[in-house]
There are 6 protein chains.
Amino acid sequence: MSTAATSGMKLFTGASHPALGDEICKYLDISPGNIAIRKFSDGESYCQIKENIRGADVFFVQPTGPPANHNLMELLIMLDAAKRSSASRITAVLPYYGYARQDRKDRPRVPISAKLVADLLTKGGADRILTMDLHSPAIQGFFDIPVDHLFAAPVLVEHIEKHAIPDLVVVSPDAGGVERARAFAKRLGGVGLAIMDKRRPEPNVAETLHVVGEVKGCNALIVDDIIDTAGTVVSTAKSLLTNGVKKVYACFTHGILSGPARERLDKAPLETVWITNTIPLLDTWKDYRPLNMVSVAALLGEAISRIHCNSSVTSLFD
Amino acid sequence: MSTAATSGMKLFTGASHPALGDEICKYLDISPGNIAIRKFSDGESYCQIKENIRGADVFFVQPTGPPANHNLMELLIMLDAAKRSSASRITAVLPYYGYARQDRKDRPRVPISAKLVADLLTKGGADRILTMDLHSPAIQGFFDIPVDHLFAAPVLVEHIEKHAIPDLVVVSPDAGGVERARAFAKRLGGVGLAIMDKRRPEPNVAETLHVVGEVKGCNALIVDDIIDTAGTVVSTAKSLLTNGVKKVYACFTHGILSGPARERLDKAPLETVWITNTIPLLDTWKDYRPLNMVSVAALLGEAISRIHCNSSVTSLFD
Amino acid sequence: MSTAATSGMKLFTGASHPALGDEICKYLDISPGNIAIRKFSDGESYCQIKENIRGADVFFVQPTGPPANHNLMELLIMLDAAKRSSASRITAVLPYYGYARQDRKDRPRVPISAKLVADLLTKGGADRILTMDLHSPAIQGFFDIPVDHLFAAPVLVEHIEKHAIPDLVVVSPDAGGVERARAFAKRLGGVGLAIMDKRRPEPNVAETLHVVGEVKGCNALIVDDIIDTAGTVVSTAKSLLTNGVKKVYACFTHGILSGPARERLDKAPLETVWITNTIPLLDTWKDYRPLNMVSVAALLGEAISRIHCNSSVTSLFD
Amino acid sequence: MSTAATSGMKLFTGASHPALGDEICKYLDISPGNIAIRKFSDGESYCQIKENIRGADVFFVQPTGPPANHNLMELLIMLDAAKRSSASRITAVLPYYGYARQDRKDRPRVPISAKLVADLLTKGGADRILTMDLHSPAIQGFFDIPVDHLFAAPVLVEHIEKHAIPDLVVVSPDAGGVERARAFAKRLGGVGLAIMDKRRPEPNVAETLHVVGEVKGCNALIVDDIIDTAGTVVSTAKSLLTNGVKKVYACFTHGILSGPARERLDKAPLETVWITNTIPLLDTWKDYRPLNMVSVAALLGEAISRIHCNSSVTSLFD
Amino acid sequence: MSTAATSGMKLFTGASHPALGDEICKYLDISPGNIAIRKFSDGESYCQIKENIRGADVFFVQPTGPPANHNLMELLIMLDAAKRSSASRITAVLPYYGYARQDRKDRPRVPISAKLVADLLTKGGADRILTMDLHSPAIQGFFDIPVDHLFAAPVLVEHIEKHAIPDLVVVSPDAGGVERARAFAKRLGGVGLAIMDKRRPEPNVAETLHVVGEVKGCNALIVDDIIDTAGTVVSTAKSLLTNGVKKVYACFTHGILSGPARERLDKAPLETVWITNTIPLLDTWKDYRPLNMVSVAALLGEAISRIHCNSSVTSLFD
Amino acid sequence: MSTAATSGMKLFTGASHPALGDEICKYLDISPGNIAIRKFSDGESYCQIKENIRGADVFFVQPTGPPANHNLMELLIMLDAAKRSSASRITAVLPYYGYARQDRKDRPRVPISAKLVADLLTKGGADRILTMDLHSPAIQGFFDIPVDHLFAAPVLVEHIEKHAIPDLVVVSPDAGGVERARAFAKRLGGVGLAIMDKRRPEPNVAETLHVVGEVKGCNALIVDDIIDTAGTVVSTAKSLLTNGVKKVYACFTHGILSGPARERLDKAPLETVWITNTIPLLDTWKDYRPLNMVSVAALLGEAISRIHCNSSVTSLFD
């Protein structure tokens with residue numbers, strides 16, 4: 001990266017994922033901005049930006065994965081500090097956008113938390129957002145400020161293709177993910193597509209998973225944006241094997257992997273699980289053999305550089 | 001409380017302090033509103049209001065003590081849900097207002113988090129705020145919506161006076177708390193006042209605490225709004241005893257009691273510590289003998305009732 | 001409807017669909033509000049509310065179907081007039097919410113017009129929104145004001161069930177509509193579900209429509225929210241017949257029916273087409289035999305009455 | 001125009017008047033920005049900006065003449081697209097500002113649509129406005145963003161003076177236009193001024209037009225900002241001839257020319273009618289002999305260039 | 001006034017015109033609200049509302065005549081106090097709206113102060129505005145909150161008609177006031193109308209005043225909204241007498257009467273000068289014989305009562 | 001100051017303190033911006049910026065001391081003019097921030113005028129604020145725009161140290177000023193500190209001033225931010241002398257000196273009174289011998305230059 005491409009830019013990393021921030025800085029060939037972040041014993045967050053940022057183009061890298069509320073408030077506090085310190089432009093970089101799954105009122109008197117988060121980020125001081133693989137693309141419309149939305153698919157596909165899995169079929173674990181799965185299948189060279197359909201045949205009868213589409217004798221790649229407690233992927237994998245699939249692979253952009261995820265995955269018949277590093281992985285996952293970590297740092301770094309230089313971000317995906 | 005006084009009112013309690021909410025409801029002779037609150041395994045908050053609140057005058061009781069960020073986000077999410085459910089008016093009741101101590105830029109490039117919180121509450125959907133003993137009274141000015149600000153002093157004084165402590169002097173543990181301590185001394189019948197003054201006589205010499213005012217032979221009551229890690233109160237108590245004080249008492253509105261608080265207090269020469277229940281006390285404190293819990297539920301309940309009925313809240317303190 | 005239920009309410013109908021407004025008024029047993037609406041020869045809209053609305057709970061019924069821009073601006077102008085006339089509350093009733101299909105950035109540098117419309121309605125003066133079968137449920141999150149979202153399904157299903165179609169399977173014409181179709185199938189007593197999947201096997205080869213799911217020997221009901229130029233429904237119907245379907249039915253909430261719709265439908269093998277009256281039907285459609293118009297006036301009227309009386313709207317769908 | 005003067009500038013033309021946009025681009029010696037604009041068969045507008053505009057100083061040229069609502073919404077949608085595409089500054093160029101005549105509440109419960117339009121433009125994403133000969137100069141105060149307000153008078157006067165009309169008197173067709181007419185008379189070298197005064201002598205008696213001021217034996221130039229249905233200008237012209245005027249000329253900035261305009265003008269005793277090209281003229285007007293089209297493209301182009309370069313726009317009129 | 005008509009209403013009078021406030025209260029048969037207003041020796045304003053206003057419909061009567069800036073700030077401070085005291089609705093009553101004459105950019109780089117004032121009132125806490133005879137009616141559009149705009153004409157005309165002046169002609173002192181003068185002439189039974197036209201025949205020649213319209217042998221009534229330094233009315237009166245007028249009368253809504261007004265009027269040939277009491281008159285004017293003070297207190301009181309009761313204000317002028 | 005450091009900057013001085021503006025310009029080596037400011041005889045303010053400021057970094061220097069309301073409105077009007085004239089950034093420079101003492105609700109139903117002023121400045125058009133020695137540091141949190149807060153202490157201390165006063169003790173005249181006094185004592189080389197404590201021993205007994213801390217035999221320097229009517233400083237000085245102080249000095253940042261200030265100070269036993277020039281001094285003070293005026297023009301000029309060049313302002317105080 002030429003110096004010109006990053007002149008006047010400052011990149012700060014919150015406490016939620018310093019390793020990713022460092023990797024992005026390495027890609028950009030800059031030093032991370034000097035910021036002191038503290039968590040008091042009552043749980044309040046605090047920060048002090050330790051260098052002059054007047055007139056600077058400031059980026060804060062902070063995925064808002066678990067603990068979601070803490071990471072979000074820490075980000076808001078950093079935005080507030082930057083806003084009051086005369087930054088010329090502030091970009092909140094959320095490789096993972098927490099609360100994205102609460103994007104609609106699917107029952108009476110619930111919040112639309114993904115919109116609330118959008119409002120909080122704007123009120124906190126963000127002038128623009130950089131994020132990746134939003135659970136619902138309509139979340140872009142929750143903002144009045146510009147949102148740059150990256151896709152991890154090209155990076156993931158590049159890694160998956162190295163495995164040269166024969167007879168591949170891409171499987172969407174539910175109806176909501178079909179468009180994502182279809183785009184993936186296309187990038188993988190036009191392989192087949194199947195959809196899991198959960199049905200409860202009669203009241204008081206257990207739900208059953210039907211596979212819609214041809215999977216018999218294939219190797220299946222389950223594709224989804226988020227893996228959280230891993231319940232869906234495990235039941236999908238089992239159902240696919242029952243339906244004659246040979247081997248089951250899975251790939252996700254955001255590895256939340258909370259609660260019973262490890263316990264479930266340890267018992268699950270998965271060959272390989274690709275996950276990107278939008279969310280930091282706990283050390284305890286180091287010995288989970290099928291896991292294959294794919295870095296999106298270069299993609300984020302390149303997008304940050306283009307945003308800073310007013311180059312097209314869209315053309316990253318042509 | 002007459003039924004008329006609470007007709008059309010709905011009071012919901014967040015997960016941060018259900019006991020206080022219940023006690024307020026008892027005072028008001030109403031049932032707590034039906035709300036389901038959930039914390040997902042990735043730390044995201046969720047709620048569903050389980051009864052119709054259209055046109056209702058809705059109150060959410062949620063102190064934002066530890067874990068501060070989680071309790072604040074949970075409150076914001078409840079506000080968002082209520083706003084979208086056509087409540088006629090929404091009051092956020094924060095018996096303890098977290099982040100109140102970050103109320104100014106005391107060094108370069110820090111946030112003013114108390115203002116950020118005010119903005120978030122307003123953006124989230126609060127039409128008005130009810131709070132108690134704000135660390136800084138200027139925080140009222142951080143809001144453009146009405147703020148009702150209660151004082152715990154009358155309730156605390158009522159309990160302290162029952163002890164009939166002779167030769168009492170009220171002590172402010174630092175300069176910032178003098179006005180609070182003075183008001184307390186006045187309410188206690190015009191007893192004496194002293195101030196702790198922390199000084200570092202020369203560089204690289206330890207700070208020493210001077211007592212400003214006459215305390216020798218008196219019984220001292222340390223008065224402050226917040227007790228958090230208990231460092232200040234313990235060193236103040238020791239210094240007072242060194243300066244000839246007979247017995248040391250202490251009272252606080254907000255008992256955060258985080259981090260090393262218990263360890264420090266266990267070793268501290270305090271006769272009695274009065275704290276209100278604005279923040280829930282962990283069970284582990286049950287065996288801390290000097291602790292004397294004073295309930296502000298009736299005060300909050302009465303204020304809520306008056307807000308609902310458009311009666312004067314100020315006159316509560318005449 | 002008792003007089004009490006509508007006391008203090010004023011309902012005005014814009015020029016886009018006076019018949020629907022009249023029908024709603026009949027349900028509510030009130031007279032439509034007196035408003036003069038004019039379109040000048042240069043295309044500008046104008047209105048004058050001809051009765052006092054101070055302190056009133058005002059509703060404007062205006063679907064923003066074709067001509068979309070004209071109907072939307074007319075609605076905004078009515079909102080502005082009401083806002084300046086001291087209405088106590090203004091509800092914009094959009095039985096059909098135009099621009100709902102532009103709800104995301106699906107390619108670079110396009111507008112999110114559904115969000116723009118939400119912003120315009122709010123800026124224009126709407127305090128709340130009543131709408132039906134939004135193309136994307138996330139549009140609710142585009143608003144910070146309360147949105148009541150009705151579903152036409154119960155009304156449509158009631159009519160369809162009268163036909164007692166045997167061997168019914170519900171068909172979603174694309175992946176995006178699967179959740180809608182599934183809910184419909186459930187309401188129809190748990191009938192089968194199938195999905196159309198459009199594929200282009202190789203570059204420069206025509207797209208083909210696959211039917212996912214079992215349809216052979218069944219009667220198919222194509223379910224979608226909008227029928228506009230009718231291209232999709234016609235190709236779906238043909239493909240279903242090719243795949244062994246006996247008869248094809250279709251139902252839609254919003255009948256835009258613009259451009260080549262009539263020409264296409266005239267040639268389409270459809271037994272019955274159910275459409276609600278959220279959008280006015282041109283007279284030229286009177287002789288289109290398969291058409292079966294279902295009124296949602298009572299549903300809208302009941303919702304308006306409940307909003308006015310602060311009763312639960314959700315319970316309409318229990 | 002030097003390249004430096006337009007570097008970093010992008011000018012896009014909406015569908016309402018592409019010829020004017022092209023002419024402005026020619027003056028600026030730049031290519032029009034690449035934008036795809038579409039009108040769907042249901043009347044909804046759509047656009048896609050087909051080139052990178054990050055950090056650019058973007059101008060959208062779109063007079064909002066007939067069809068007023070469509071042209072306005074199309075402009076708003078282009079603004080929304082640009083705002084979300086990280087333009088550095090967005091200027092909405094409305095050579096003709098539609099709805100300007102609805103600038104006050106002249107009767108109860110009417111909208112102030114000119115203010116509504118100002119709010120919509122700002123909400124849509126405009127950072128500044130460039131417009132010409134606003135019907136009411138107070139409309140500038142409807143905006144909180146900067147408004148550059150151009151005057152067509154210098155350009156029109158230059159053309160009129162070429163005709164060297166002897167014994168000229170400038171006539172304002174109504175009291176509201178006197179200040180405009182007076183300024184015109186001054187620019188024409190201090191010629192005379194007269195005012196039309198419409199009176200109804202008694203109830204149920206037809207209104208009559210009085211000429212206030214000396215016109216007998218003169219050649220009259222009727223001056224107004226807008227010619228729409230041409231009723232006023234035609235009756236003014238007739239009345240002037242009755243009062244001894246020799247020949248009647250007329251000039252207008254904005255030629256809306258809607259409804260019965262052509263029919264009326266065909267019968268009107270007008271020697272020459274000067275109109276600028278702020279609004280596109282229908283082809284049917286080509287054979288209207290008295291019409292004399294005056295281009296304001298250079299004026300708009302020069303203003304755009306000065307806005308871009310931070311030069312004074314006011315000095316254009318010194 | 002029945003008690004019901006004012007129940008729940010509180011009317012406070014600022015320091016700018018207590019007499020008018022008292023007179024309005026008498027009309028409404030209520031006591032003025034209890035408020036302490038103070039001006040510190042450094043010129044800062046201060047107020048304390050001395051009674052509970054929770055849930056009340058609050059009105060502040062404060063014309064912003066001289067000293068304009070002080071009266072405006074005092075009003076803003078009262079609004080702020082009321083907003084923070086939980087008033088249910090706040091109406092700023094400005095019988096005279098100061099800064100109304102700065103309503104447009106008539107030269108480069110000047111403020112639009114009338115818009116600024118509108119923004120300040122709204123930001124300060126006004127929910128609605130009640131005002132009278134705005135210098136420019138477009139100022140209503142500077143607000144997004146409801147504005148009730150009263151006309152003094154009916155009250156003034158009632159008084160003038162008692163004088164039964166024969167051969168009356170209404171004169172507008174400039175072109176901008178013609179519409180106002182015409183409406184006045186109509187209310188006076190259709191009397192004649194004339195306009196003053198100020199012209200400078202050649203550079204470096206003094207301006208001369210022409211009378212447009214027939215005035216010879218008539219009695220003239222000069223009509224304007226504001227009399228400030230009285231320069232225009234005096235020169236108009238002289239010019240009218242020169243042109244054969246018998247006697248000159250004048251009437252104004254707002255009597256600012258600042259600077260050289262008294263000196264000029266003392267020398268002016270005016271029979272009677274009607275002024276309303278929207279602005280308080282200095283005691284020094286008591287001996288100015290032609291002055292005839294007309295009270296608008298009943299008109300304001302009636303409007304306040306109707307606003308409070310949601311009755312039509314417009315119908316006051318039918 | 002190099003030309004580069006001020007290129008693209010325009011500094012305008014309001015009418016409240018032109019001498020300070022000129023001094024700042026001299027420091028910056030620039031000419032003051034050309035602006036015409038007028039006060040009409042009715043007290044309304046008016047301005048016209050007489051040079052092009054498009055794209056410029058504009059500063060307005062205007063302390064809002066007495067007459068507070070007039071100076072504030074004049075500033076708001078200048079901001080409005082600049083905002084509408086396409087300045088690229090507008091900084092309101094308030095060396096003295098009027099209304100700062102009304103920063104909290106210390107009794108029921110009072111305004112928080114310091115917050116109101118913050119809102120007015122932002123609404124008027126300020127993009128950022130530069131101010132000095134705010135009465136309450138929490139006022140920074142009343143703004144959402146960046147605030148640069150300067151301290152006069154270094155400049156004052158530099159002057160005071162020249163006097164080499166022996167046995168110095170710094171005295172805070174009340175509890176609220178202790179932190180300010182302490183910081184001052186530290187800058188003066190760690191001299192002693194004392195606090196005045198006002199007490200009323202019994203009802204109906206006069207208040208008495210106690211000195212807390214050792215002052216006997218010392219020379220005392222009273223330190224406060226504001227001297228207004230001089231009551232506190234005079235009674236403090238007398239009390240100090242009574243308590244054995246040898247000589248009394250005083251220093252203040254903001255010399256309002258209104259009302260009885262001169263009369264009181266003439267009788268007060270003060271050796272020297274240091275005041276900065278944040279507020280203009282009336283000529284009548286020229287013969288007040290103890291007065292020692294200290295200029296903060298260089299400090300303000302340096303801060304303006306650093307803001308313009310995006311250098312750190314904080315480092316001014318290292």
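In what follows, every chain begins at residue 1, and chains take the letters A, B, ... in the order their sequences are listed.
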Taking all non-hydrogen atoms of both residues, which atom of E:C25 and which atom of E:S31 are closest, and how far apart?
-> SG-C, 4.2 Å
With chain E, the option among F:V117, F:I112, F:L257 that has the most non-hydrogen atom pairs under 4.5 Å is F:I112
Part of E:Q102 within contact of chain F (heavy atom distance under 4.5 Å) | side chain
Cationic N near anionic O, under 4.0 Å, E:R262 to E:D287 | yes
Could you look at F:I77 and say if it's the side chain, the backbone, both or neither that has a heavy atom under 4.5 Å from chain E?
-> both
Of the backbone (N, CA, C, O) and the side chain (C-beta and beyond), which part of F:L79 lies under 4.5 Å from a heavy atom of chain E, both, or neither?
-> neither
Contact leader toward chain F among E:D42, E:I35, E:I53, where contacts are heavy-atom pairs under 4.5 Å | E:D42
Part of F:S45 lying under 4.5 Å from any heavy atom of chain E = both
May I ask you to check whether over 12 heavy atoms, not counting those of F:E263, lie within 6.0 Å of atom CD?
-> no
Side chain from CB out, backbone as N, CA, C, O: work out which of these in E:L72 comes under 4.5 Å of a heavy atom of chain F, or both, or neither.
-> side chain
Checking heavy atoms, do the side chain of F:K50, its backbone, both or neither come under 4.5 Å from chain E?
-> backbone
So which heavy atom on E:G125 is nearest to which on E:K83, and how close?
-> CA-CD, 4.0 Å
So, the part of F:F40 with a heavy atom under 4.5 Å from chain E: the answer is side chain
